[in-house]
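As the structure is a computational prediction, the values presented were derived from the model and not from experiment.
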Amino acid sequence: MKYLYRAPLFAGVVLSGWTVSALVGSAQADDQDADTMVITGDNLSDVDGPTRGYTAQASEAGTKTATPLAETARTINVVTRQQLDDQGVNNVNDALLYTPGAFTGLAGASKRSDVVSLRGFHGGDVDNTFLDGLRLQSDPGAYSAMQIDPFFLERMDVVKGPASSLYGRTMPGGMVSLTTKKPQSEQQGLFRLYGGSFDTYGAGIDMTGPLSDPGQGAYRVTALGSSSDTQFDLAKRERYAVMPQLTLYPDDDTDLTLQAYLQHDPAGDYHGAVPYDLSVSGARFGGTVDASWSDADPANDVFRRNQRLFSYQLQHRFSDNLTFNSRSRYTSMDVTVGQVYQAGFTGNGAELARYYSGADEDLQAFSTDNNLQYELMTGEVAHTLLAGVDYQRRKNDVKFSSAGARALDPFSPDYSGNALTTAPNRDSDDTRRVQQGGVYLQDQMRWNRWDLTLGGRQDFLDRRDHSHLSGATDSRSDKAFSGSASLMYRFDSGVAPYYSYSEAFNPSPDSSVDGAVPDPVKSHQHEIGVKYQPPGTRDLYQIAFYDLTQENVQQRTSVSPVTYISAGDIRSRGVELSASAALTERLNVLAGYSYNDIEYRDSVSQGGVNIESGRTPVLSPEQTASLWMQYDFPRGIRGGVGGRYVKGSYANAENTRKTDDYTLADAFVSVDLGEFSHELDGATLKLNATNLFDKKHVTGCFNESYCYFGDERQVTATLDYRF
């Protein structure tokens, strides 16, 4: 079937499109005669600008063009700035708690990395996050995980399903596209102070406005400092970040934005796990440990991260019909890690064996994406053509070390002294390189009320891993074609049924020196759905049924030498429902539900790996549901309450043990102090509570030795002053 799809996809794009050189040459002539494609919606040309309320009208994440969400034939959920503020989130994981089909409990309450599972697929963890249209160049096979603080973001777009026809290598379940705040032509500012549970404190400032000559451009400076003792014993979290920006207008048709994002994390929270018999079930040892429990050693606990991102975004309009877009980013990152982890029971009751793991990493990366967007008419068919080329490369110097550590009694932990029983030994000293280049073409066609989109992309991928200890080098080069197609019909009533097909590929995150570099994993998805936007409103209701298959999944069978086997296919089928609506002038509602049936399609028993067809992968809850309601009371008082449900997931590959279902509640209330005193104009006081009833819960288990407690109750007070 995939080959039957590919032929018409690529042929359709080529036959309906123009070459890049023809686009440039004919732009001025067509500008005189051709009618441009009309797209309805508010501010579609500024999809990275300020959002309003809880709803967004358009997105460029799914098509790389400004397209109304109600007219995009795939599921996209948007988290707006208002939602981020009202829910008081301080990390990307928490920002997605009310997004159907997104599961962020892969590491429980740990905030060290943004780990998102979409439609049941969580391999690679950090490899499906983009910032301002470019991949965050994290290394999913190491500790080098980029993390952007939500205080610097304007919106988050969650695109469901494979997206390689535009972005190259991506995870099968989809991608998370982060958009930063941008300079504005109107002078405005925000000063924020907050504090709360676990000795959490923070302060931020955000200022923007025009330059001395408004016609020359605008500026923005955003900065944040925060500290927390976290819910875990012995663990701290600390962050300092600043993002200066400058937007210039060299002429009436050109916009250039220069941006730097500098972040220093002296302490990076805790990332550890608890065995099933000490977290989910207390039957074996007569109880479980607290959700604040830690297996770490304070004498050997380090996580320092520095990340530096320098970017530009350029747009030049040759005419009303032809636009050139270019964006590039240079990334530099260094990470130092040292932590003691538990490794299962020693056999002496509940006593846990432990080991030390350390890492020193230095990552350098570059990425660029350049495209031409051309609008034209061929007869009665309006086209938005997109032709582009992108390139990205990443180099990471990684040094891993390990040591033995003293066992720990989980019910009476002894954290004194130095727990290491041997000196740390250098296990590896590798240089990991990845580079990818791609050429893509897309045609969005509109005829009467029909929308047809065809896209295709050819990628070239090179991977190279070199060991400085053994001198061994492994490398692999791959080519991949990814296609996409969608068809939608828009009724006058605002109802729009659609069908879409999309493909993706993604290399394994594991390094492989003295072994074999595994094949990239491929995936494809069929999705049918209906979108409904009542005429004259910003509300959006979505329902989607999907059938998503990840092909020829690679499973590691040996660490030294590194070897893999094919574990066959994993199939994910399900339904997602979402609603974002203003039911009245004062009441906003976000609602979502997802049902996900994911299973292995093949039985494999080889190299110590035993997979049985029909079983469900771990960390894949079958059902999630959420409801958030926000109401505007008189005199500047606003409030909101929400509930979220997660069905328990399997805790082992045999599917014999599961985590428990859990339902959590969140709430907030804010007061515009200026309503009570003119001297306090611009000041707002807000109180947030997450996991309001302090329910102890386990979000999931990687296996029976590694389960993760979720967040305890957190209460935070925030004072904002806008000027």
Could you please spell out the steps behind the side-chain hydrogen bond (donor to acceptor under 3.5 Å, both in side chains) verdict for S328 and T368?
-> CA-CA 4 Å; S328 297; T368 184; 2.7 Å; yes
Side-chain heavy atoms of [X] within contact of [Y], under 4.5 Å:
{"X": "F709", "Y": "H697", "value": "no"}
{"X": "S670", "Y": "F668", "value": "yes"}
{"X": "V158", "Y": "L96", "value": "yes"}
{"X": "L256", "Y": "L246", "value": "no"}
{"X": "R239", "Y": "R305", "value": "yes"}
{"X": "V116", "Y": "T129", "value": "no"}
{"X": "L262", "Y": "F310", "value": "yes"}
{"X": "Y219", "Y": "P183", "value": "no"}

Are the side chain of [X] and the backbone of [Y] linked by a donor-acceptor contact shorter than 3.5 Å?
{"X": "D229", "Y": "K236", "value": "no"}
{"X": "S138", "Y": "P140", "value": "no"}
{"X": "Q187", "Y": "T208", "value": "yes"}
{"X": "Y167", "Y": "M175", "value": "no"}
{"X": "T200", "Y": "S197", "value": "yes"}
{"X": "R220", "Y": "Q184", "value": "no"}
{"X": "D694", "Y": "R713", "value": "yes"}
{"X": "D290", "Y": "S292", "value": "no"}
{"X": "T99", "Y": "A102", "value": "no"}
{"X": "S113", "Y": "V115", "value": "no"}

Donor on one side chain, acceptor on other, [X] and [Y], under 3.5 Å:
{"X": "Q630", "Y": "D632", "value": "yes"}
{"X": "D255", "Y": "Y249", "value": "no"}
{"X": "S332", "Y": "R308", "value": "yes"}
{"X": "Y261", "Y": "Q259", "value": "no"}
{"X": "T690", "Y": "D666", "value": "no"}
{"X": "T72", "Y": "T67", "value": "no"}
{"X": "T170", "Y": "N128", "value": "no"}
{"X": "D362", "Y": "Q364", "value": "yes"}
{"X": "S228", "Y": "T230", "value": "no"}
{"X": "S311", "Y": "R329", "value": "yes"}
{"X": "T257", "Y": "T247", "value": "yes"}
{"X": "T336", "Y": "Y143", "value": "no"}

Rounded distance [0.5 Å steps], [atom1] in [X] versus [atom2] in [Y]:
{"X": "L136", "Y": "L309", "atom1": "CG", "atom2": "CG", "result": "6.5 Å"}
{"X": "T179", "Y": "R81", "atom1": "OG1", "atom2": "CZ", "result": "12.0 Å"}
{"X": "L363", "Y": "M333", "atom1": "CG", "atom2": "CE", "result": "7.0 Å"}
{"X": "M146", "Y": "L131", "atom1": "CE", "atom2": "CG", "result": "10.5 Å"}
{"X": "Q82", "Y": "Y54", "atom1": "CD", "atom2": "OH", "result": "6.0 Å"}

Parallel, tilted or perpendicular: rings of F232 and Y270 (30°, 60°) |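 Correct class here is tilted.
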May I ask you to decide if the ring planes of H271 and Y708 are parallel, tilted or perpendicular, using 30° and 60° as cut-offs?
->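 Taking Y708 first and then H271, their aromatic rings sit tilted (interplane angle of 30° to 60°).
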Determine, step by step, whether D711 and N691 satisfy the side-chain hydrogen bond (donor to acceptor under 3.5 Å, both in side chains) criterion, reporting the C-alpha distance in whole Å, the side-chain angles of both residues, the deciding distance to 0.1 Å, and the verdict.
-> CA-CA 7 Å; D711 287 299; N691 190 4; over 6 Å; no
Which pair of non-hydrogen atoms, one from [X] and one from [Y], has the smallest distance, and what is that distance?
{"X": "S59", "Y": "V47", "answer": "N-CG1, 4.2 Å"}
{"X": "S580", "Y": "L590", "answer": "OG-CD2, 3.5 Å"}
{"X": "L118", "Y": "V159", "answer": "CD1-O, 4.2 Å"}
{"X": "A665", "Y": "F693", "answer": "CB-CE1, 3.8 Å"}
{"X": "A581", "Y": "D539", "answer": "CA-OD1, 3.4 Å"}
{"X": "I148", "Y": "D114", "answer": "N-OD2, 4.2 Å"}

Could you please spell out the steps behind the side-chain hydrogen bond (donor to acceptor under 3.5 Å, both in side chains) verdict for K160 and N77?
-> CA-CA 8 Å; K160 308 295 181 59; N77 299 108; 2.9 Å; yes
With a 4.0 Å cut-off on N to O distance, would you call [X] and [Y] a salt bridge?
{"X": "R638", "Y": "D86", "value": "yes"}
{"X": "D265", "Y": "R304", "value": "no"}
{"X": "E154", "Y": "K182", "value": "no"}
{"X": "D369", "Y": "R327", "value": "no"}
{"X": "E712", "Y": "K695", "value": "no"}

Applying the side-chain contact (heavy atoms from CB on, under 4.5 Å) test to F151, which of I205, V89, L190 qualifies?
->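 Only match with F151 under side-chain contact (heavy atoms from CB on, under 4.5 Å): L190.
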Partner of Q533 by side-chain hydrogen bond (donor to acceptor under 3.5 Å, both in side chains), out of Q542, Q57, R538 = Q57
Please determine if K686 forms a cation-pi arrangement with Y194, meaning its NZ or CZ atom is less than 6.0 Å from the six-membered ring centre and no more than 45° off the ring axis.
-> no
Measure from NZ or CZ of R112 to the centre of the six-membered ring of F303, then state whether that distance is under 6.0 Å and the direction lies within 45° of the axis.
->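 Verdict for F303: a cation-pi partner in R112.
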Salt bridge (Lys or Arg N to Asp or Glu O under 4.0 Å) partners of residues 91-103, not counting sequence neighbours, each pair once | D94-K111
Side-chain donor-acceptor distances from residues 716-723 under 3.5 Å, at least two apart:
unit_1, atom_1, unit_2, atom_2, d
D720, OD1, R192, NE, 2.7
D720, OD2, R192, NH2, 2.9

Candidate pair T624 and S594, rule side-chain hydrogen bond (donor to acceptor under 3.5 Å, both in side chains), full reasoning = CA-CA 5 Å; T624 63; S594 67; 2.6 Å; yes
Which one of D206, D48, D149, D132 satisfies the salt bridge (Lys or Arg N to Asp or Glu O under 4.0 Å) criterion with K181?
->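 The passing option is D206.
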